[in-house]
Amino acid sequence: MTEQVLADIDEQLKIVSGRRAPFTMVPEWVTVHEELQPQAKALYGALAMHVNISRNDGKVWPTRLALSNMLGWSREQSVDPYIKQLVKAGAITVEDYRRSDGSMGKIYYVHETEPTWHTGPRTVAEFYVLHREKVKAMKAAKKATKKAESADGPSTPAPTADRRGSTPPAAKKATSSRTKKAVDPAETAPAVPDTSAAPEQEPAPAAAAPKAKATKARKEKTPEEIALDKLADEGAHRWWDVEAPKLVAEKKMTSFMGNSSSAFLAVRTLIRQALAAKPNSYAPHVIMAALIDGAQWSPHRTAFDKALRRVSGVQAATGTGRPRLYRDSQWGQDKPTAPSAVSAEPYVPPADEFAVLDDDDC
């Protein structure tokens, strides 16, 4: 055995001798795939963790939200580009299916063997064959670059004049040849007259260095703002993944058509603003009830504000704000005042802050 082989075996033994735990096997062709990004390889490992060996079908159906939380991504849409990479590489196959609640889901078939059209390395041995060729090509290119730089050689020193002040003919010839190569004939200027007798001129002032642009220091968020962001994100996920599909199944809303990423961010922004409203912020269950009342995937701010008014029992503003010029009693049209819709008993929120209350719980 060569020293390289012994070193590889020693390194493998060091890797194997560790603590044992439940594990998931990832095929070598996926790990050494040249077109898969590291995030896509990690996503393949997360999907392979869900495979039930007893079924022996390679079929899994985790949600995008679960996969994104497992891999440490902040949004479930972050999974989509890496799913496309795995499908293109032939590592997984995706099918749509309808859940029991009427919403659409996806089934992933995790493949262990490479597809027939795969042309890259299939094992770690094939990877090292290509790796050594690439390293050899890189060293050859670097050596050729150094050789080309050394062929140019260092700059030749300027020829010295003899006692009579004239330059030797050989030096004149070499100097003229270098000048012709370095200077473009189209850019040569006419001969400049001898100005040795002219008085010396003061050098031109150096140009001022450009001022560096001042960059604004990014303001760090307070713990309260971070908590509101997290709460708004939870509320947006509950509306988008739970409550809105229920309304679609009950025929109270239509299915969403459009850019889901921008619509999700718009809903999250509305919830964040409602949670931070001043002087009195809205409770999470009131915000969720307003979204259900509006029955829109991504409601407009005006419609959302009206839904908040209806749910929280705030009366709509009427009139111009000017004092009335007459009383109803003057015209014999005394109108009974409507009873207040606001309950006198204080509300106690449930454990899940964005939970939707039934009529019996109110």
Side-chain angles (χ1 to χ4, degrees), residues 4-5 7-9 11-16 18-97 104-142 233 237 240-241 259-262 264-265:
Q4 180 65 31
V5 174
D8 292 342
I9 294 176
E11 184 177 358
Q12 292 175 8
L13 291 174
K14 289 180 181 178
I15 294 174
V16 171
R19 292 186 296 271
R20 299 300 181 91
F23 63 93
T24 300
M25 292 188 295
V26 177
E28 293 183 3
W29 71 273
V30 174
T31 304
V32 300
H33 203 289
E34 298 177 346
E35 296 181 0
L36 290 178
Q37 296 182 2
Q39 296 89 334
K41 297 176 183 179
L43 179 59
Y44 179 90
L47 291 171
M49 290 167 55
H50 293 79
V51 174
N52 191 337
I53 301 177
S54 61
R55 287 203 316 266
N56 196 24
D57 56 2
K59 188 193 320 184
V60 297
W61 48 89
T63 62
R64 293 187 305 164
L65 179 60
L67 292 172
S68 61
N69 290 336
M70 186 179 299
L71 297 175
W73 296 330
S74 59
R75 297 173 55 241
E76 60 179 334
Q77 290 82 0
S78 303
V79 179
D80 296 341
Y82 307 115
I83 289 179
K84 293 180 181 179
Q85 287 187 21
L86 293 174
V87 171
K88 184 178 179 181
I92 63 172
T93 304
V94 183
E95 291 183 0
D96 295 331
Y97 80 100
M104 298 301 296
K106 293 185 181 297
I107 295 179
Y108 306 95
Y109 293 87
V110 183
H111 305 299
E112 294 184 357
T113 58
E114 69 277 4
T116 55
W117 68 83
H118 180 67
T119 57
R122 295 173 298 174
T123 61
V124 67
E126 294 181 2
F127 165 78
Y128 273 108
V129 172
L130 298 176
H131 173 70
R132 293 188 184 98
E133 292 179 357
K134 289 182 180 180
V135 172
K136 188 183 295 184
M138 291 172 56
K139 290 182 178 180
K142 189 175 181 180
D233 191 69
H237 278 294
W240 201 263
D241 299 334
N259 189 346
S260 59
S261 299
S262 59
F264 176 84
L265 293 177

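Residues Val30 and Lys41 share a closest heavy-atom pair of O-CE, 3.4 Å. Among all heavy-atom pairs drawn from Pro115 and Ala89, the shortest one is CG-O, 3.5 Å. Closest non-hydrogen pair, Thr123 versus Glu28, comes out as CA-OE1, 3.2 Å. Across all non-hydrogen atoms, the minimal contact from Pro121 to Val32 is O-CG2, 3.7 Å. In this structure, Thr24 and Ala48 approach most closely via the heavy-atom pair CG2-CB, 3.5 Å. Contact between Ala42 and Leu71 at its shortest, heavy atoms only, is O-CD2, 3.9 Å.
You'll find the side chain of Glu112 stays beyond 4.5 Å of the side chain of Met25, heavy atoms only. No side-chain heavy atom of Glu95 sits less than 4.5 Å from a side-chain heavy atom of Lys106. A heavy-atom distance below 4.5 Å is found between the side chains of Leu43 and Leu67. Looking only at side-chain heavy atoms (C-beta outward), Ile83 and Ile92 come within less than 4.5 Å of each other. Annotation: side chain of Val135 is in contact with side chain of His131 (closest heavy-atom distance under 4.5 Å). Considering only heavy atoms from C-beta on, Leu47 stays 4.5 Å or farther from Tyr109 through its side chain.
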Which is it for Ser261 and Arg75 under the side chain to side chain contact (heavy atoms under 4.5 Å, CB included) test, yes or no, and what are the steps along the way?
CA-CA 9 Å; Ser261 299; Arg75 297 173 55 241; 3.6 Å; yes
Please walk me through it: do Asp241 and Glu76 pass side chain to side chain contact (heavy atoms under 4.5 Å, CB included)?
CA-CA 11 Å; Asp241 299 334; Glu76 60 179 334; 3.4 Å; yes
Stepwise, does the side chain to side chain contact (heavy atoms under 4.5 Å, CB included) test hold for Val110 with Val60?
CA-CA 8 Å; Val110 183; Val60 297; 4.1 Å; yes
Check the pair Tyr82, Gln37 against side chain to side chain contact (heavy atoms under 4.5 Å, CB included), reporting the backbone distance first and the verdict last.
CA-CA 8 Å; Tyr82 307 115; Gln37 296 182 2; 3.3 Å; yes
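In summary, Arg122 and Glu34 do not engage in a salt bridge, as defined by a charged side-chain N under 4.0 Å from a carboxylate O. Of the charged side-chain nitrogens involved, at least one lies within less than 4.0 Å of a carboxylate oxygen, so that Arg64 and Asp80 count as a salt-bridged pair.
The number of heavy-atom neighbours closer than 6.0 Å to CD of Gln77, taken from other residues, nucleotides and ligands shown, is above 12.
Between Trp240 and Phe264, the angle of the ring planes goes over 60°, which puts this pair in the perpendicular group of the 30/60° scheme.
For His33 (side chain) and Glu35 (main-chain N/O), a donor-acceptor pair under 3.5 Å exists by modelled atom type.
Taking the six-membered ring where the residue is Trp, the centroids of Tyr108 and His50 are separated by 6.0 Å or more. Taking the six-membered ring for Trp and the full ring otherwise, Phe127 and Trp29 have centroids separated by 6.0 Å or more.
The side-chain contact (heavy atoms from CB on, under 4.5 Å) test with Tyr44 is passed by exactly one of Leu36, Thr31, Val26: Val26.
A distance of 2.5 Å separates OG1 of Thr93 from NE2 of His111, quoted to the nearest 0.5 Å.
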